[in-house]
Amino acid sequence: MSTYDKIYDIVRQIPYGQVATYGQVAELAGLFGKPRVVGYALYHVAPDDDIPWHRVINAKGEISQSAFRDGSDDLQRVMLEAEGVVFEQNKISLARYRWQPPPEMITGDDTKTDK
DNA sequence: CAGATGACAAGAT
DNA sequence: AATCTTGCCATCT
């Protein structure tokens, strides 16, 4: 299990119409205080994957503009809007769309339910 | 092998 | 309150 795989798994858990910050994803992936690794992981994600990378945003509630993906940052915004996310000044209300992960995940014991 | 970079976050000024 | 500086780990050159 590579470090990135864990991050991918977390992103896949993000429900429709909700978003998560890098710090949140990093925390759930076991990378406390290391959001950079999360960003790097998503950088390796291919459009072929089923990973809702567009649901991952920075702590400012805004989309990090980078020419790393098809099109541009506008694409991510469009995809989020398609999920019902309303943008406020190119930003979204984290207070309303921030994904609340289940406690089971926070314990870090999600993959193994035995023992 | 060592140095620099990176889709960020949190603390300090 | 906004902006700057530091820290963090993995990957790239």
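Quick note on labels: first sequence line is chain A, next is B, and so on, each numbered from 1.
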Nearest-Å distance, [atom1] ([X]) to [atom2] ([N])?
| X | N | atom1 | atom2 | result |
| --- | --- | --- | --- | --- |
| A:Glu62 | B:dA9 | CD | C1' | 15 Å |
| A:Tyr4 | C:dC9 | OH | P | 14 Å |
| A:Leu42 | C:dA10 | CG | P | 16 Å |
| A:Gln24 | B:dA7 | CD | C1' | 16 Å |
| A:Lys60 | B:dA10 | NZ | C1' | 12 Å |
| A:Lys34 | C:dT11 | NZ | P | 14 Å |
| A:Arg98 | B:dA9 | CZ | P | 9 Å |
| A:Leu80 | B:dA7 | CG | C1' | 14 Å |

[X] has a side chain; which of [options] sits nearest to it?
| X | options | result |
| --- | --- | --- |
| A:Arg36 | B:dG6, C:dT11, B:dA7 | B:dG6 |
| A:His44 | B:dA9, C:dC8, C:dC12 | C:dC12 |
| A:Tyr40 | C:dC8, B:dG6, B:dA7 | B:dG6 |
| A:Ala59 | B:dA9, C:dT11, B:dA7 | B:dA9 |

Return the [atom1] to [atom2] distance between [X] and [Y], rounded to the nearest 0.5 Å.
| X | Y | atom1 | atom2 | answer |
| --- | --- | --- | --- | --- |
| A:His54 | A:Met79 | NE2 | CE | 4.5 Å |
| A:Asp9 | A:Leu28 | CG | CG | 10.5 Å |
| A:Arg55 | A:Gln13 | CZ | CD | 11.0 Å |

Sidechain-backbone polar pair: A:Glu62 side chain, A:Asn58 backbone, donor-acceptor under 3.5 Å: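 A pair under 3.5 Å: no.
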A:Thr21 vs A:Val37, nearer the 5' end of DNA chain B by closest nucleotide: A:Val37
Minimal non-hydrogen separation, A:Gly23 against A:Pro35, with atom names: N-CB, 4.1 Å
Any donor-acceptor N/O pair under 3.5 Å between B:dA7 base and A:Tyr22 side chain: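 Side chain to base: pair found, below 3.5 Å.
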Distance below 4.0 Å between A:Ser64 side-chain N/O and B:dC8 OP1 or OP2: yes
